[in-house]
Amino acid sequence: MARPGHSAWPLLVGMLLLFAASASGQTQDCLSATFQGGRTFQTCNSMPVLGASLHWTYHAENGTADIAFRAPQVSGGWVAWGINPNGLSMGGSNVFIASQDSNGVVSVLPTVLEGTSPTLSSRSLNFEVPVTPTAEYVAGVYTIFTTVKLPSNTTTQNTVWQAGPGNTQAISQHPTSGANLQSTRRLDFLSGQSTGGGSNSRLHRRNIHGILNAVSWGILIPLGAMIARYLRVFEAADPAWFYLHISCQLSGYILGVAGWALGLKLGSESKGITYNPHRNIGIAIFCLATLQVFALMLRPDKKNKYRFYWNIYHHSVGYSAIVLSAINIFKGLDILKPASGWKKTYIAILATLAGVALFLEAVTWVIVLRRRKSGKPHAAANGAGWQHQQGA
């Protein structure tokens, strides 16, 4: 049976490792921001204008959100962020304005914008602010810290932000053209999604991480193992089963490495938040899968006396990776806490794969036993039993 040349494997492995390296070095955005005092936030959005970003942690138990709003500005300017319970406009917005005085002391002014040219004075907002807002100015960037109780106890809010000239003593009007007229966005503090563009939120990346790993380690890799174990019994499937097996395994490995690298990146950006079991199992899965890739370059010929031991190693490592993958996907689902339909869907996929495997196990054993009885075993038909996988 034709096999891919061993000389191609070093190039293939090199490409896979290059892919892993590139996946782990994704473009930095709002997730790269760090805050003084070790503050961390679960989610962030890069705003489409004014170079701003919003970071927050939503607390479902009391409907509050811890906020950090960042925006670049000269020392003689101000920035603001707020929520408008009535619509996507500045008029009626409840905002926090950060500025500094002539001595460089930064302060926050909470106020309600009654119109397009409001008189700015400190006043109570139309929603609760459980913690006194603060602000800092570091390296040309203002950061406003506050905690708000989301109006009407709903997670989707009209958010506004702005920047303009002036200091604490004299806050001047912001420009009335270009980006300053585009600084509104409807944001869901629970999902991290917003209207008017894609979200760069941490939750969005966590979803991508989960999908990549579920499809790769949880579906493609087990499917590839099933193809190698069962399809090779059927004469009509030889040698197609081998190429299908390789295609599934390599596709799964590439997607899995991408998901694994994204997971490491998310972990590195979540200082103080570590899911040790999920992280450690993920690293173990990556190591086992990578060992499988390298082991293919050392695969002995079918007639080599060491082929039996190589097969034991190959199957043991492969099945271990599959079992660990299923465990880790459920751990990931527990961390991500998506809608219940996602977990049910994955359980249904696992049940389907297991059902098909049991059916094919019975069918292939019947075929193998009949061939043995007739004395005409097929060269690839011995894949149904552990001790008969010398041809793998």
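- Linking Ile, Leu, Val, Met, Phe, Trp and Tyr residues whenever their side-chain heavy atoms come within less than 4.5 Å leaves Val368 and Val366 in two separate clusters.
- Taking 4.5 Å as the limit, every side-chain heavy atom of Leu109 sits out of range of all side-chain heavy atoms of Val95.
- Expressed to the nearest 0.5 Å, how far CD1 of Ile327 lies from NE2 of His278 amounts to 13.0 Å.
- Between the side chain of Thr364 and the backbone N or O of Glu361, at least one donor-acceptor pair lies under 3.5 Å.
- Contact of the Met47 side chain with the Ser183 side chain is not registered, since no non-hydrogen atoms from C-beta on lie closer than 4.5 Å.
- Smallest separation of non-hydrogen atoms from Val129 and Phe96: CG2-CZ, 4.0 Å.
- Annotation: side chain of His59 is in contact with side chain of Thr64 (closest heavy-atom distance under 4.5 Å).
- Summarising the geometry of Leu353 relative to Pro222, their closest heavy-atom pair is CD1-CB, 4.3 Å, with the distance given to 0.1 Å.
- One hydrophobic cluster holds both Ile283 and Val323 under the rule that ILVMFWY side chains link at heavy-atom gaps under 4.5 Å.
- Side-chain atoms of Gln100 never come within 3.5 Å of backbone atoms of Gly76 as a donor-acceptor pair (strictly under, hydrogens ignored).
- Distance CG/Asn153 to CG/Asn62: 9.5 Å, rounded to 0.5 Å.
- Side chains of Gln42 and Thr57: no donor on one and acceptor on the other come within 3.5 Å.
- Listed by first then second residue, pairs satisfying ring-ring contact (aromatic ring centres under 6.0 Å, His included) with a partner in residues 121-141 read Tyr137-Tyr142, not counting sequence neighbours.
- Listed by chain and residue number, Trp310, Tyr313 satisfy the side chain to side chain contact (heavy atoms under 4.5 Å, CB included) test with Ala295 (two or more places apart in sequence, or in another chain).
- The shortest heavy-atom contact between Ala135 and Val106 is CB-CG1, 3.6 Å.
- Counting heavy atoms from C-beta on, the side chains of Phe242 and Arg232 never come closer than 4.5 Å.
- In this structure a side-chain-to-backbone donor-acceptor pair under 3.5 Å is present from Asn158 to Asn84.
- Cluster membership for Val141 and Leu50, using ILVMFWY side-chain heavy atoms within less than 4.5 angstrom, is not shared.
- When the options Phe69, Trp81, Phe35 are evaluated for a ring pair (Phe, Tyr, Trp, His ring centres under 6.0 Å) with His55, the one that passes is Phe35.
- Applying the side chain to side chain contact (heavy atoms under 4.5 Å, CB included) test to Thr155 and every residue at least two apart in sequence or in another chain returns Tyr58, Asp188, Leu190.
- Using a 4.5 Å cut-off on side-chain heavy atoms (C-beta onward), Ser320 and Leu288 make contact.
- Of all the heavy atoms in Val112 and Ser124, the pair that sits closest is CG2-O, 3.8 Å.
- Counting only distance, with no hydrogens or angles, the side chain of His245 and the backbone of Trp241 share no donor-acceptor pair below 3.5 Å.
- Taking SG of Cys248 as the start and CD1 of Ile227 as the end, the distance is 4.0 Å to the nearest 0.5 Å.
- Taking every heavy atom of both residues into account, Ile281 and Leu324 meet most closely at CG2-O, 3.7 Å.
- Within the model, atoms CG of Leu220 and OH of Tyr253 stand 15.0 Å from one another, a figure rounded to the nearest 0.5 Å.
- Listed for the Gln157 side chain is no donor-acceptor partner under 3.5 Å among the backbone atoms of Pro85.
- Side-chain contact between Trp217 and Asn328 is absent, with no heavy-atom pair separated by less than 4.5 Å.
- Contact check on Asp334 versus Lys343 returns a salt bridge, with a Lys/Arg side-chain nitrogen under 4.0 Å from an Asp/Glu carboxylate oxygen.
- Minimum interatomic distance between Gly92 and Asn86 (heavy atoms only, all atoms of both residues): O-ND2, 4.4 Å.
- Between the side chain of Glu128 and the main chain of Lys149, no donor-acceptor pair closer than 3.5 Å is present.
- For the atom pair Lys265 NZ and Leu262 CG, the distance stands at 7.5 Å (nearest 0.5 Å).
- Both Val363 and Tyr230 are part of a single hydrophobic cluster, where members link through side-chain heavy atoms under 4.5 Å apart.
- Residues His314 and Gln292 form a side-chain contact, since some pair of their non-hydrogen atoms from C-beta on lies under 4.5 Å apart.
- A donor-acceptor contact closer than 3.5 angstrom links the side chains of His209 and Asn213.
- Between Trp56 and Phe41, the distance from one ring center to the other does not fall under 6.0 angstrom.
- Note: the hydrophobic cluster containing Ile144 does not contain Val138 (ILVMFWY, side chain heavy atoms under 4.5 Å, direct or indirect links).
- Counting only distance, with no hydrogens or angles, the side chain of Asn45 and the backbone of Leu54 share no donor-acceptor pair below 3.5 Å.
- Side-chain contact check for Arg186 versus Thr159: every heavy-atom pair is 4.5 Å or farther apart.
- From Thr345, atom OG1 reaches atom CG of Leu333 across 10.0 Å, with rounding to the nearest 0.5 Å.
- Looking at Asn180, its side chain does come within 3.5 Å of a backbone N or O of Ala163 through a donor-acceptor pair.
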